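Residue numbers start at 1 and run along the sequence shown. Because the structure is predicted, anything quoted here is derived from the model rather than measured.
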Amino acid sequence: MTAESSREFDVIVIGAGAVGENVADRVVRGGLTAVIIESELVGGECSYWACIPSKALLRPGNVLHSAQLVPGAKEAITGTINAEAALKNRDWFTNNWQDGSQVEWLDSAGIELIRGRGRITGPREVQVDGVDGNSYALKAHHAVVVATGSTPTIPNIEGLKDVPFWTTRGATAAKEIPRRFTVLGGGVAGVEMAQAFARLGSDVTLIARGRLLSSYPEEAANLVLAGLRADGVTVHVHTDVERTEKNDDGTVTVTFDGKAVTADNLLVASGRHPALANLGLENVGVEAPNGKPLRVTTDASGLVEGPASDGTSGLWLYAAGDAAGKVLLTHQGKYEARATGDAIVARANGKLQGTPKPWSPWAHTANDHAVPSVVFTDPEVASVGPSLEQALLQGRNVTGVELPINVSGSQLHSPDYKGWAQMVVDEDRQVIIGATFVGPGVAELLHSATVAIVGEVKLDRLWHAVPSYPTISEIWLRLLEKYGL
């Protein structure tokens with residue numbers, strides 16, 4: 001091995017998605033050196049195959065439908081969505097799957113990039129098989145951070161391994177809109193892609209093992225279900241797929257409940273799990289228990305707990321974002337990344353010993369209290385904190401306040417506006433711990449709820465946060481009034 005192939009850095013980050021980029025940026029800002037290792041596109045899943053392209057595909061249908069509901073605007077609508085233009089706009093948002101601008105940002109931030117596959121070979125040691133054919137032996141002075149994201153979970157369905165199918169990458173990067181499109185999965189990705197493709201011109205069938213959006217309140221799921229069916233999507237809930245078969249013409253037939261549907265393209269959207277395979281974690285004592293999928297356990301700063309140690313401090317292996325397996329959302333992963341990067345710097349400078357205190361700059365405390373999420377269907381679902389059902393299962397002393405969204409702002413949005421809101425109140429502390437909004441445009445209501453929960457704003461003080469009239473935010477006033485303020 002030549003001298004040029006052996007390098008030392010303060011921090012080695014495996015994975016150059018949004019999470020890895022943020023970790024590296026924070027440690028460099030803190031005065032440490034960092035290298036980031038990536039075998040695919042710098043910028044990761046969200047930029048090229050998930051958040052950004054999926055929302056670009058959804059946006060044209062949402063805008064058109066919104067205009068079609070408003071008198072004076074709907075009379076001006078004479079055409080349908082131009083799918084070719086929508087795909088071209090999606091391509092623009094993904095930079096045509098070129099990462100040149102992201103690489104330039106790394107360089108401007110002082111972060112070195114090695115393109116290749118990284119594998120942990122020992123404490124603070126990473127071997128990289130470079131895409132250039134070279135091998136690199138890297139040594140970290142302070143930390144190795146696993147930020148490799150997540151990978152699709154493929155269900156065990158008879159015949160599935162023998163048929164062509166898309167995961168979310170295939171759907172969000174589609175070059176044309178299939179005539180017949182079948183979606184397996186009723187989670188966020190499944191319902192978003194079902195609606196996007198239906199509005200772009202596909203004949204869509206969605207099959208879900210349970211109800212739609214099982215982690216959200218059922219009232220929310222039912223409004224989304226109605227929205228999908230209004231767009232012509234055939235939805236089968238509480239349905240198990242029996243088998244899949246490839247036909248001679250390249251199409252796929254899916255059989256379920258004695259029925260069958262044939263698709264030009266099949267999307268399998270059955271969830272995701274941390275992408276930890278082939279990273280060499282077993283070389284530092286992190287192994288999958290009894291053949292189960294490999295996962296890591298981290299403290300509030302992202303420090304991996306367990307046997308990983310170099311015999312001295314042991315405080316060197318971290319995981320953040322989807323790889324850590326706590327909250328598989330880009331914005332929450334970036335939040336974790338910022339805290340993890342700052343924690344690495346603080347430990348390097350002797351400012352942090354042991355587990356960080358809750359709500360400190362080095363702790364991912366919001367993961368346990370206020371995780372905001374949005375389903376960008378029409379209607380949208382925006383939620384933060386536990387639902388009433390979840391809070392009751394946790395044994396909390398809570399009250400739920402629920403209302404249809406029927407205020408002046410929603411009526412102005414569209415005469416036939418259909419929405420719903422839920423506020424979950426912790427009776428012992430007199431603060432909000434959860435909120436869910438369903439309806440067109442409600443995503444922009446979510447941050448106010450997140451701030452109220454993180455800030456633990458007492459209800460009698462929240463009453464003085466007056467919503468502007470006439471906006472959909474007036475639903476806050478109605479919820480507080482129904483509670484009794």
Side-chain angles (χ1 to χ4, degrees), residues 187-188 211-224 300 321-322 324-336 338-339 357-360 363-377 379-405 419-439 441-463 465 467 472-485:
V188 176
R211 69 169 174 87
L212 299 186
L213 301 174
S214 59
S215 62
Y216 295 86
E218 191 164 2
E219 291 86 347
N222 287 339
L223 284 172
V224 172
D322 285 14
K326 292 184 177 179
V327 183
L328 276 62
L329 293 167
T330 297
H331 50 272
Q332 213 68 18
K334 291 165 70 174
Y335 160 74
E336 292 176 20
R338 294 188 290 268
K357 294 180 180 179
W359 301 116
S360 71
H364 310 159
T365 312
N367 281 351
D368 300 320
H369 301 281
V371 176
S373 64
V374 178
V375 186
F376 288 90
T377 46
E380 292 175 338
V381 182
S383 180
V384 60
S387 66
L388 176 61
E389 181 182 12
Q390 291 166 342
L392 290 172
L393 288 173
Q394 293 167 3
R396 301 194 189 193
N397 179 24
V398 294
T399 296
V401 182
E402 301 171 357
L403 282 173
I405 297 179
W420 178 82
Q422 180 186 79
M423 180 176 74
V424 183
V425 177
D426 182 321
E427 292 291 357
D428 297 327
R429 294 185 295 136
Q430 281 292 288
V431 296
I432 295 171
I433 62 170
T436 300
F437 305 98
V438 191
V442 296
E444 298 303 331
L445 296 178
L446 187 57
H447 195 58
S448 56
T450 305
V451 170
I453 294 170
V454 171
E456 298 181 317
V457 181
K458 297 287 187 180
L459 291 181
D460 57 1
R461 175 60 63 88
L462 189 60
W463 173 255
I472 299 176
S473 291
E474 195 180 7
I475 191 63
W476 277 106
L477 174 60
R478 302 302 169 218
L479 288 166
L480 291 170
E481 285 179 331
K482 184 174 181 181
Y483 180 74
L485 293 179

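For N397, the side chain to side chain contact (heavy atoms under 4.5 Å, CB included) partners are E427, D428, not counting sequence neighbours. Contacts of E444 classified as salt bridge (Lys or Arg N to Asp or Glu O under 4.0 Å), with partners at least two apart in sequence or in another chain: none. Checked against side chain to side chain donor-acceptor pair (under 3.5 Å), S448 has the following partners two or more places apart in sequence or in another chain: W476. Legend: residues meeting side chain to side chain contact (heavy atoms under 4.5 Å, CB included) with L392, ordered by chain and number and at least two apart, are L388, V398. Under the rule for a side chain to side chain contact (heavy atoms under 4.5 Å, CB included), the partners of I453 that lie at least two apart in sequence or sit in another chain are A370, V384, I432. By the salt bridge (Lys or Arg N to Asp or Glu O under 4.0 Å) test, R338 is found to be paired with no residue, residues two or more places apart in sequence or in another chain being considered. W359 meets the ring-ring contact (aromatic ring centres under 6.0 Å, His included) test with H369; sequence neighbours excluded. In this view, S373 and Y216, L329, S383 satisfy the side chain to side chain contact (heavy atoms under 4.5 Å, CB included) rule, not counting sequence neighbours. In terms of the side chain to side chain donor-acceptor pair (under 3.5 Å) criterion, E389 has no residue partners (sequence neighbours excluded). Here K334 pairs with nothing under the side chain to side chain donor-acceptor pair (under 3.5 Å) rule; sequence neighbours left out. With sequence neighbours left out, the side chain to side chain donor-acceptor pair (under 3.5 Å) criterion links D426 to R429.
Atom CZ of R211 sits in a crowded spot, with more than 12 heavy atoms from other residues, nucleotides or ligands closer than 6.0 Å. Enclosure of atom NZ in K357 is not indicated, since only 12 or fewer non-hydrogen atoms of other residues, nucleotides or ligands lie within 6.0 angstrom.
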>> Applying side chain to side chain contact (heavy atoms under 4.5 Å, CB included) to V438 and E219, what does each step give before you reach the verdict?
In response: CA-CA 9 Å; V438 191; E219 291 86 347; over 6 Å; no
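Side-chain atoms of S387 and V424, non-hydrogen and from C-beta on, never get closer than 4.5 Å to each other. Contact annotation: the side chain of Q332 approaches that of P372 to within less than 4.5 Å [non-hydrogen atoms, C-beta and beyond]. In this structure, the side chains of E481 and W463 come closer than 4.5 Å at one or more pairs of heavy atoms.
Between the CG atom of L479 and the CG atom of L462 there is a distance of 10.0 Å, given to the nearest 0.5 Å. Here the straight-line distance linking atom CG of L446 with atom CD of E380 works out to 10.0 Å at 0.5 Å rounding. Here the CZ-CE distance, from R478 to M423, works out to 13.0 Å after rounding to the nearest 0.5 Å. Distance check, rounded to the nearest 0.5 Å: CD of Q430 to CG of L485 gives 7.5 Å. A distance of 14.0 Å separates CG in L477 from NZ in K482, rounded to the nearest 0.5 Å. Within the model, atoms CD1 of I405 and CG of L223 stand 9.0 Å from one another, a figure rounded to the nearest 0.5 Å.
What you find for L213 and G187 is that their closest heavy atoms are CD2-C, 3.8 Å. The two residues A366 and V371 come nearest to each other via the heavy atoms O-CG2, 3.7 Å. For A443 against A382, the heavy-atom pair with the smallest separation is CA-CB, 4.0 Å. Nearest approach of A363 to P358, heavy atoms of both residues: CB-CA, 4.4 Å. Residues V224 and P379 approach most closely at CG2-O, 3.9 Å, considering heavy atoms. Here the shortest heavy-atom pairing between A435 and A449 reads CB-CB, 3.9 Å.
Partner of W420 under the side-chain contact (heavy atoms from CB on, under 4.5 Å) criterion, out of V442, T436, L403: T436 alone.
E336 and N367 share a side-chain donor-acceptor pair at under 3.5 Å.
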